[in-house]
Amino acid sequence: MTAKPAPIWPEEPVLDMADIQGIAVPGFFKPYQTLLGVRYTRAPQPIDALKQFLRKLAPDIATAAATLRDRRQHRGATPAAKRAPRSPPLIAIGFSYQGLLGLTPGASEIPSLAFKNGLARRSALLGDPTDPADPGNPVNWKVGQPNKELDILIIIAGNGRAGVARRAHTIERALAGIKAHVIRQDGNVRDDVPGQKGHEHFGFDDGVSQPGIRGRATARATDFITERHIDRSEFPAAALFGYPGQDLVWPGEFVIGYPQTGPDPLIPGPVLAPQPSWTRNGSFLVYRRLRQDVGLFWRTMRAEAARLARLPGFANLDDVELAAKLVGRRLSGAPVNRTPAGDDPALGGDQLANNHFRFDSDTPQLTLVGGKDGFPPAKADPIGSVCPLAAHIRKVNTRDSPSDTGGRSSTYERRILRVGVPFGPSATDRYAVSRSHGPDRGLLFLSIQSSIEEQFEFLQARWMNDDSRPKSPSGNDMVVGQNAPTADGVRRCSIFGSGLQQSAVEATGQFVIPTGGGYFFVPAIGALVSVIAASSPR
Amino acid sequence: MGLLRAYEPPAYMSDFDSIPGQREAWHRFVLESFDLNIQLVAGKLQKLDPSRPATPQFYSAVRSDPPGPLVEQAVVWNAFPKELLRRYGRDRALVEADWLWPLSAYGYNWRYDPGVPADTGAGTPGDIYPDTYLYQPAVEYCQWHIDRNPHSGRIRRVTFTSEPPEYWQAMFGGTLKYSRVRFPGDKKLLLHLYRKLVDPNIALSDLLVAEPFLSPYGKLKKGDYNPHNKWNTTHGIVHLSAPPNAIRAEINLAAVATVLYEDQLNNPVVDPDAFIAGTDMGGPNRNSDPTIAATVNALARAGAMVTLANPVGLYMDHIDVTGWEIPGGLAPRDCVRIVRGEERLIERLVVELPTDEFDVSDIRIGGVPVIYGGQLAECITVKLVGVAAALGSVHNGRLKLSTAGYVDPANAREVYPGERYEIPVGSVPAFIYESGEVVTNASRGRRSRVTSPGGPVR
């Protein structure tokens with residue numbers, strides 16, 4: 001009998017929690033947000049006034065330390081306390097390249113070409129429509145269209161709509177006072193349909209799978225930014241995950257100046273060097289205003305399910321089952337791999353269980369801290385017979401599977417922290433045809449990463465839009481992928497029937513339409529004060 | 001389904017049709033490689049239980065026809081060499097990937113520094129391959145050649161290939177290293193195709209070995225076909241010639257990856273990175289080999305029989321032109337030509353603008369001008385096509401991991417395979433979370449192989 005070797009636990013760095021913005025670490029996950037898009041005038045006096053405004057705002061920007069404190073208080077609170085909007089809203093700020101360059105010439109040294117080109121210029125690379133007549137083309141965007149790109153994005157996030165609105169109004173007034181142009185966009189967690197709180201507009205629980213940022217808030221050995229819920233007797237799972245299935249990712253994937261992913265997930269990779277030096281503790285923020293055509297999505301699911309149900313191996317397939325397969329999760333957030341027979345809302349709502357599954361191997365049971373996972377474990381599904389290889393969750397996170405870019409480390413390198421919220425009212429009839437002047441609804445997609453090219457853009461362009469990557473035979477991401485990159489404007493993917501029959505699902509229409517956004521740099525608070533908002537010598 | 005009658009040439013290419021006996025020889029050559037690898041796998045499995053015959057989970061569709069539905073599994077990977085990305089980061093990797101390295105550098109592995117080749121690589125005593133022949137360090141089964149305007153230096157054309165070297169060696173005729181199959185060959189056809197694909201002025205002597213040398217393809221004698229000839233390296237490209245880029249490497253990897261492994265604590269080894277590093281299969285820092293091995297192994301763990309689909313080959317699946325901006329009203333599709341192979345089974349692909357007014361350097365991807373061939377390679381997906389059959393039908397035991405990979409914690413960029421190569425000072429066993437104890441043992445056994453850049457530690 002071989003003796004069990006002693007586990008070697010990775011030493012995680014202490015992050016500069018007083019300098020990093022809280023939207024980046026640990027991330028705002030607030031149900032109510034207001035985004036203020038700002039365009040300022042390029043002239044000495046307005047710029048001086050703007051810098052003065054920024055210096056005044058800087059103490060109100062939520063630090064990583066304050067945001068983590070808020071989160072810990074929130075998670076420790078009673079259900080009643082959670083509902084009470086007592087903690088003040090959290091504020092974050094980001095600058096587009098042009099917005100930053102107007103305030104500090106050092107912005108030109110930032111190496112990211114995606115950041116410098118901006119979202120509208122990179123839109124075609126993301127698979128957005130290139131036809132100017134298409135509503136998703138940048139010229140038709142509601143915010144951030146060519147020549148009207150935002151300079152600054154201010155995010156106000158909180159537990160209550162009223163508190164967020166008040167704080168946003170104060171900032172708007174201050175910006176109006178310095179003659180800056182402001183575009184306001186409110187985003188709210190969906191709370192107008194019973195049982196769907198926290199779900200995106202198609203109806204699926206969202207944000208179930210977020211990466212866990214490795215790192216400590218203080219020098220204390222166990223003061224981890226990401227909570228650990230696996231018993232330390234479970235090595236290596238306890239070293240690899242926060243919640244079961246929540247990958248712990250080295251902080252350099254989200255914040256500049258820290259170790260990134262290396263070949264071995266327990267050994268920190270090279271430090272992402274800041275360039276220029278004041279970008280240390282900064283991040284990049286992607287904002288995409290995505291309109292969702294709920295009616296088209298569900299009508300397509302209904303029609304495709306009805307067509308497939310007539311084929312051998314697909315009997316009784318309905319729209320909800322088909323949609324769940326294409327997402328990879330059921331409406332409740334329960335992973336299809338753990339619920340092959342149908343939804344289990346209890347599993348979907350259980351953070352100790354809803355992200356604990358692998359694709360290529362059977363998923364082991366784990367000893368957990370603060371509870372247990374009593375649900376049936378996921379079985380290996382390497383060919384995608386249960387959860388198709390084109391399912392959205394397999395497109396954006398390959399978990400234990402290899403991909404077109406190699407082994408498991410290649411998925412850690414692509415992870416992003418999603419901190420957005422839905423906007424617009426819920427659809428009352430999910431099959432209804434949307435009216436051209438009807439209510440606008442969708443997602444204010446916000447993601448945090450240290451490289452726009454290698455993370456957000458890679459996921460959208462290389463994995464979601466492509467019909468064979470990251471694993472094949474798969475197809476396009478039918479939920480979020482864009483039609484423009486396909487040869488004939490039709491998204492397709494392959495799913496299995498009960499007897500391993502393979503059949504294609506098709507979508508001619510676009511369920512998700514880009515309607516604006518921008519690429520932003522989220523500076524460290526120190527850099528905001530001492531570099532970006534510093535008075536310019538004349 | 002019934003048995004497969006014969007393996008056809010890659011992408012159903014018809015060059016061999018005009019050579020009597022050549023297609024049959026190609027079939028026998030591919031089948032020989034399958035048979036040898038099935039024997040190899042059987043030999044490994046025999047160690048588990050010498051008393052009974054093993055059931056290799058790798059099979060040839062010519063030899064057997066497993067029951068039940070067949071599930072085709074294309075294994076895809078990106079064409080841009082990840083080894084360079086890991087070692088140098090993207091900016092430098094784009095430069096290196098367009099250059100050629102001396103063949104000696106391949107044997108010198110991570111210690112070769114293209115920045116100071118005289119000190120750390122080429123010409124170092126003990127290297128097995130010569131400096132005088134070159135290869136592109138693009139080891140993802142896809143290589144390219146750039147044609148530039150000699151006056152401006154701008155890129156006129158980039159030619160990509162995934163054609164295996166064995167196909168062209170076979171066209172020359174004779175036998176290949178490790179094979180008993182004799183190809184009739186046709187040197188005139190070989191020359192004709194070189195002239196058609198690269199330059200009409202090529203002479204047959206340009207393609208032949210002038211002086212004997214040791215190559216990854218064996219000891220090449222005077223008058224042999226030289227896969228490293230200048231029209232396939234410095235002056236053009238016809239087929240793959242970087243040492244690991246070969247069809248038999250593909251068959252071998254697909255075969256040996258069907259073997260299941262466990263660590264010293266009897267836990268199955270399932271992590272793709274730990275698996276390839278701990279089993280010494282292929283390159284752990286590539287896009288291709290870890291995903292090929294891990295995909296096949298996952299099918300084997302699911303109890304499947306696994307094979308490679310006919311025609312066995314290495315292919316470019318597609319080139320993604322999303323976000324390409326081309327002047328002159330040209331669409332991206334106007335600038336991409338499949339020259340050999342077919343859609344989804346592409347063997348040779350050319351990117352070139354059909355006008356004298358603009359050239360490839362005028363293409364922008366996401367607003368960024370193309371100045372390296374590697375930027376186009378980043379858009380290319382390479383693949384092989386596997387087939388899984390009779391899922392759940394085989395339940396083989398697991399072998400113990402045989403070796404280990406190492407990582408330098410001070411610069412954790414790449415994995416050093418402990419079995420084959422010397423490793424940098426200070427490196428530690430990698431993937432201990434999945435292979436801990438065996439790695440500790442391997443580390444003890446391999447201590448003498450640890451070296452510093454520039455040579456072994458005395």
- Query: Pick from Val382(B), Thr295(B), Val321(B), Asn411(B): which one has the most heavy-atom pairs with chain A under 4.5 Å?
  - Reply: Thr295(B)
- Query: What part of Leu391(B) lies closer than 4.5 angstrom to a heavy atom of chain A: side chain, backbone, both or neither?
  - Reply: side chain
- Query: Using non-hydrogen atoms only, which part of Arg413(B) is less than 4.5 Å away from chain A: side chain, backbone, both, or neither?
  - Reply: both
- Which residue out of Val385(B), Val415(B), Thr381(B) racks up the most heavy-atom pairs below 4.5 Å with chain A? Thr381(B)
- Message: At a heavy-atom distance under 4.5 Å, which candidate from Glu325(B), His318(B), Arg90(B), Glu72(B) has the highest pair count against chain A?
- Response: His318(B)
- Between Leu113(A) and chain B, which part of the residue has a heavy atom less than 4.5 Å away: side chain, backbone, both or neither? side chain
- Keeping the roles fixed (side chain from Arg122(A), backbone from Gly323(B)), state whether a donor-acceptor pair exists under 3.5 Å. no
- Query: What's the spacing between Tyr406(B) OH and Asp264(A) CG if we round to 0.5 Å?
  - Reply: 13.0 Å
- Query: Between Arg462(A) and Asp320(B), is the closest basic N to carboxylate O distance under 4.0 Å?
  - Reply: no
- Query: Taking every heavy-atom pair that is under 4.5 Å apart, which of Pro270(A), Gly262(A), Gly269(A) has the most such pairs with chain B?
  - Reply: Pro270(A)
- Task: Check each atom of Phe496(A) against the heavy atoms of chain B and say whether the ones under 4.5 Å are side chain, backbone, both or neither.
- Result: side chain
- Measuring heavy-atom distances to chain B, does Ser474(A) have an atom under 4.5 Å in its side chain, in its backbone, in both, or in neither? neither
- Exceeds 12 heavy-atom contacts within 6.0 angstrom, atom CD of Gln501(A): yes
- Message: So which atom in Arg344(B) and which in Asp467(A) form the shortest heavy-atom distance, rounded to 0.1 Å?
- Response: NH2-OD2, 2.6 Å
- Message: Which atoms of Asp360(A) are under 4.5 Å from chain B, going by heavy atoms: the side chain, the backbone, both sets, or neither?
- Response: both
- Minimum heavy-atom distance Pro290(B)-Gly407(A), with the two atoms named: CB-N, 4.0 Å
- Over 12 non-hydrogen atoms of neighbours within 6.0 angstrom of CZ in Arg92(B): yes
- Which region of Pro409(B), side chain (C-beta onward) or backbone (N, CA, C, O), has a non-hydrogen atom less than 4.5 Å from a non-hydrogen atom of chain A, or is it both or neither? both
- Item | Interchain contact, Gln482(A) with chain B, by part (heavy-atom threshold 4.5 Å) | neither
- Task: Locate the shortest heavy-atom distance separating Thr405(A) from Asn287(B); write the atom from each residue and the value.
- Result: CA-OD1, 3.2 Å
- Query: Quick one: of Ala487(A), Pro265(A), Ser401(A), Ser468(A), who has the most non-hydrogen atom pairs under 4.5 Å with chain B?
  - Reply: Ser468(A)
- Message: Test your reading of the model: is there a side-chain donor-acceptor pair from Asn78(B) to the backbone of Asp404(A), 3.5 Å cut-off?
- Response: no
- Counting only heavy atoms closer than 4.5 Å, note whether Glu414(B) contacts chain A via side chain, backbone, both or neither. backbone
- Message: Need one label for Pro111(A): side chain, backbone, both or neither, based on atoms under 4.5 Å from any heavy atom in chain B.
- Response: neither
- Can you tell me if CG on Asp131(A) sees more than 12 non-hydrogen neighbours from other groups inside 6.0 Å? yes
- Message: Please classify the contact of Val76(B) with chain A as side chain, backbone, both or neither, using a heavy-atom distance under 4.5 Å.
- Response: both
- Message: Please classify the contact of Leu266(A) with chain B as side chain, backbone, both or neither, using a heavy-atom distance under 4.5 Å.
- Response: side chain
- Query: Which bit of Ala380(A) comes within less than 4.5 Å of chain B, counting heavy atoms only: side chain, backbone, both or neither?
  - Reply: neither
- For Ser403(A), is it the side chain, the backbone, both, or neither that has a heavy atom closer than 4.5 Å to a heavy atom of chain B? backbone
- Message: With rounding to the nearest 0.5 angstrom, report the OG to CZ distance, Ser361(A) to Arg301(B).
- Response: 3.5 Å
- How far apart are the closest heavy atoms of Asp273(B) and Pro263(A), and which atoms are they? OD2-O, 4.3 Å
- Message: With a 4.5 angstrom heavy-atom cut-off, is it the side chain or the backbone of Asn465(A) that approaches chain B, or both, or neither?
- Response: neither
- Heavy-atom nearest pair, Ala294(B) first then Pro402(A), reads CB-CG, 3.6 Å
- Item | Considering all heavy atoms, the nearest Pro382(A)-Gln73(B) contact | O-OE1, 4.1 Å
- Note on the structure: Interatomic distance, CZ@Phe275(B) vs CZ@Arg408(A), rounded to 0.5 Å, equals 15.0 Å
- Message: Is there a side chain to side chain donor-acceptor pair (under 3.5 Å) between Arg86(B) and Ser409(A)? Walk through the geometry before answering.
- Response: CA-CA 11 Å; Arg86(B) 276 197 165 170; Ser409(A) 62; 2.9 Å; yes
- Item | Heavy-atom proximity to chain B below 4.5 Å, by part of Pro259(A) | neither
- Message: Please determine whether a side-chain nitrogen of the Lys or Arg among Arg358(A) and Asp271(B) lies less than 4.0 Å from a carboxylate oxygen of the Asp or Glu.
- Response: no
